[in-house]
Amino acid sequence: MSSTVEEKHGAPDSLISARDGRRYWSSVDADVNGMLGGFPSVSRIDLRGSRSFLAKLGFGRVNGEKTIKRLMEGGAGIGRITEGLFLEVAETVDVVEPIPKFTAALEGREGVGRIFNVGLEEWRPEEAADGADKYDVIWNQWCLGHLTDRQLEAYLRRCGTALSLDEDGKIKGVIVVKENMSTAGQDLFDEVDSSVTRLDETFREIFEEAGLRIIKTELQHGFPSDLYPVRMYALKPREL
């Protein structure tokens, strides 16, 4: 990552501790209330916004057929989005989630493929590539704040290598990032769960450093005004 990004945004993310973050999440109940920090009522609104965003990217169901062959959910938690949306639109959903108790209920679930109980900073796409197809969608929501800027850049680069191709050999798959946005004029460290809430500007700089371009972005609508704004980005590797 460039020195400019590090100098401007390095301090908050340098405080992130994977151990502290996992200790926090291990203490959280494995239910929707636990996943959403005491705001379970936003789940339906959230899923509706995500469904709409996927549809605008050309993914969903067409004449009853699922248009996503394989999807990965990063930081899946208990599989709230997998259960509430992804299994309806994807033939197979792989999940990455470091807390095993969260993914226990997904074991053996029809449509759920591989479960990786590792952090996103540890996940490697080649581990999922033993004959498996690459991903039409890699979805990351409310989890990337646990990665430092450098870790996030490296992770997104790896995601870019794991996207599916169309018949002409061009990249078909997309990476989706859906995260809270800081409105404080700077990135904010949360010592409770050891995570960072980033500025839109910070995300855009990290995407640039990771060799990605934004093909679509929009805000999630309908959340209570006292919550952080949430923005969705659809990303693809820059064409050479």
Interatomic distance, OG1@T148 vs CG@L15, rounded to 0.5 Å, equals 11.5 Å
Residue pairs passing the ring pair (Phe, Tyr, Trp, His ring centres under 6.0 Å) test with at least one member in residues 164-206, sequence neighbours excluded, are F203-F207, F203-Y233
Report yes if some heavy atom in the side chain of M35 is under 4.5 Å from a heavy atom in the side chain of P40; otherwise report no.
-> no
Contacts of E97 meeting side-chain hydrogen bond (donor to acceptor under 3.5 Å, both in side chains) (sequence neighbours excluded), chain-then-number -> none
Quick one: sort the W123 and Y135 rings into parallel, tilted or perpendicular, breaks at 30° and 60°.
-> tilted
Value for CD (E83) from CG (L106), rounded to nearest 0.5 Å, stands at 5.5 Å
Report yes if some heavy atom in the side chain of L165 is under 4.5 Å from a heavy atom in the side chain of I171; otherwise report no.
-> yes
Mind checking whether L219 and L227 sit in one hydrophobic cluster, side chains of I, L, V, M, F, W, Y counted as touching below 4.5 Å?
-> no
Within residues 20-38 or reaching into it, pairs that qualify as salt bridge (charged side-chain N to carboxylate O under 4.0 Å, His left out) - sequence neighbours excluded = D20-R23, R22-E121, R22-E122
Check for a donor-acceptor pair, side chain of K134 on one end and backbone N or O of T161 on the other, with a separation under 3.5 Å.
-> yes
When rounded to the nearest 0.5 angstrom, what distance separates CG in L71 from OG in S164?
-> 10.5 Å
Roughly how far apart are S52 OG and Q220 CD, rounded to 0.5 Å?
-> 9.0 Å
In terms of heavy-atom contacts, L199 and D187 come closest through N-OD1, 2.9 Å
K216 side-chain N/O to M232 backbone N/O, donor-acceptor pair under 3.5 Å | no
For K236 and R213, what are the C-alpha separation, side-chain angles and deciding distance, and is it a side-chain contact (heavy atoms from CB on, under 4.5 Å)?
-> CA-CA 6 Å; K236 286 193 176 187; R213 59 188 175 92; 4.1 Å; yes
Using 4.0 Å as the upper bound for N to carboxylate O, is an ion pair formed by R150 and D13?
-> no
List for me each residue that meets salt bridge (Lys or Arg N to Asp or Glu O under 4.0 Å) alongside K172, sequence neighbours excluded, and say none if there are none.
-> D136
Could you tell me which non-hydrogen atom of A210 sits nearest to which non-hydrogen atom of L156, and how far apart they are?
-> CB-CB, 4.0 Å
Going through the distances and angles, do M72 and V96 end up as a side-chain contact (heavy atoms from CB on, under 4.5 Å)?
-> CA-CA 8 Å; M72 188 196 90; V96 180; 3.7 Å; yes
Would you kindly say whether R231 and T217 are connected by a side-chain donor-acceptor distance under 3.5 Å?
-> yes
Partner of T82 by side-chain hydrogen bond (donor to acceptor under 3.5 Å, both in side chains), out of E73, E88, R109 | E73
When every non-hydrogen atom of G21 is compared with those of S194, the smallest separation belongs to N-CB, 3.9 Å
Sub-4.5 Å side-chain heavy-atom contact between L47 and I81 = yes
Closest approach of C143 and L120, non-hydrogen atoms and distance?
-> SG-CD1, 3.7 Å
Any chance you could lay out the side-chain contact (heavy atoms from CB on, under 4.5 Å) test for L57 and V176, step after step, and finish with the verdict?
-> CA-CA 10 Å; L57 296 172; V176 176; 4.2 Å; yes
Does I138 share a hydrophobic cluster with V89, counting links as ILVMFWY side-chain heavy atoms below 4.5 Å and allowing steps through other members?
-> no
Does I175 belong to the same Ile/Leu/Val/Met/Phe/Trp/Tyr cluster as L54, with side-chain heavy atoms less than 4.5 Å apart forming each link?
-> no
Output all residues satisfying side-chain hydrogen bond (donor to acceptor under 3.5 Å, both in side chains) with K69, sequence neighbours left out; order by chain, then residue number.
-> D133
Output every pair passing ring pair (Phe, Tyr, Trp, His ring centres under 6.0 Å) with a member in residues 40-95, not counting sequence neighbours, ordered by first then second residue.
-> F86-W139
ILVMFWY network linking Y24 to V118, side-chain heavy atoms under 4.5 angstrom | no
Backbone of G60 reached by a side-chain donor or acceptor of T67 within 3.5 Å | yes
How would you list, by chain and number, every residue that makes a side-chain hydrogen bond (donor to acceptor under 3.5 Å, both in side chains) with K56, sequence neighbours excluded?
-> E218
Of R204, E205, R198, the residue whose pairing with E201 passes side-chain contact (heavy atoms from CB on, under 4.5 Å) = E205
State which residues pass salt bridge (Lys or Arg N to Asp or Glu O under 4.0 Å) with E208; sequence neighbours excluded, sorted by chain then number.
-> R238
Report yes or no: do V62 and V137 belong to one cluster of Ile/Leu/Val/Met/Phe/Trp/Tyr joined by side chain heavy-atom distances under 4.5 Å?
-> no
How would you list all residue pairs meeting salt bridge (charged side-chain N to carboxylate O under 4.0 Å, His left out) that involve residues 154-164, not counting sequence neighbours?
-> E153-R157
Any side-chain heavy-atom pair of R48 and I45 under 4.5 Å = yes
With sequence neighbours left out, what residues match D46 under side-chain hydrogen bond (donor to acceptor under 3.5 Å, both in side chains)?
-> R80, Q141, K178
Inter- and intrachain pairs under ring pair (Phe, Tyr, Trp, His ring centres under 6.0 Å), touching residues 87-112, at least two apart = none
Stepwise side-chain contact (heavy atoms from CB on, under 4.5 Å) check, L144 with L147 | CA-CA 6 Å; L144 299 182; L147 301 184; 4.3 Å; yes
Gap between atom CE of M181 and atom OG1 of T202 - 0.5 Å precision = 9.0 Å
Can you find a side-chain donor-acceptor pair between T103 and N117 that sits under 3.5 Å?
-> yes
Shortest non-hydrogen contact from G119 toward P98 = N-CB, 3.8 Å
Residues, nucleotides or ligands: over 12 heavy atoms within 6.0 Å of N63 CG = no
Which other residues belong to the hydrophobic cluster containing Y228, where Ile, Leu, Val, Met, Phe, Trp and Tyr are joined when side-chain heavy atoms lie under 4.5 Å apart, directly or via other members?
-> L188
Decide yes or no for T197 and D190: does some side-chain heavy atom of the first lie under 4.5 Å from some side-chain heavy atom of the second?
-> no
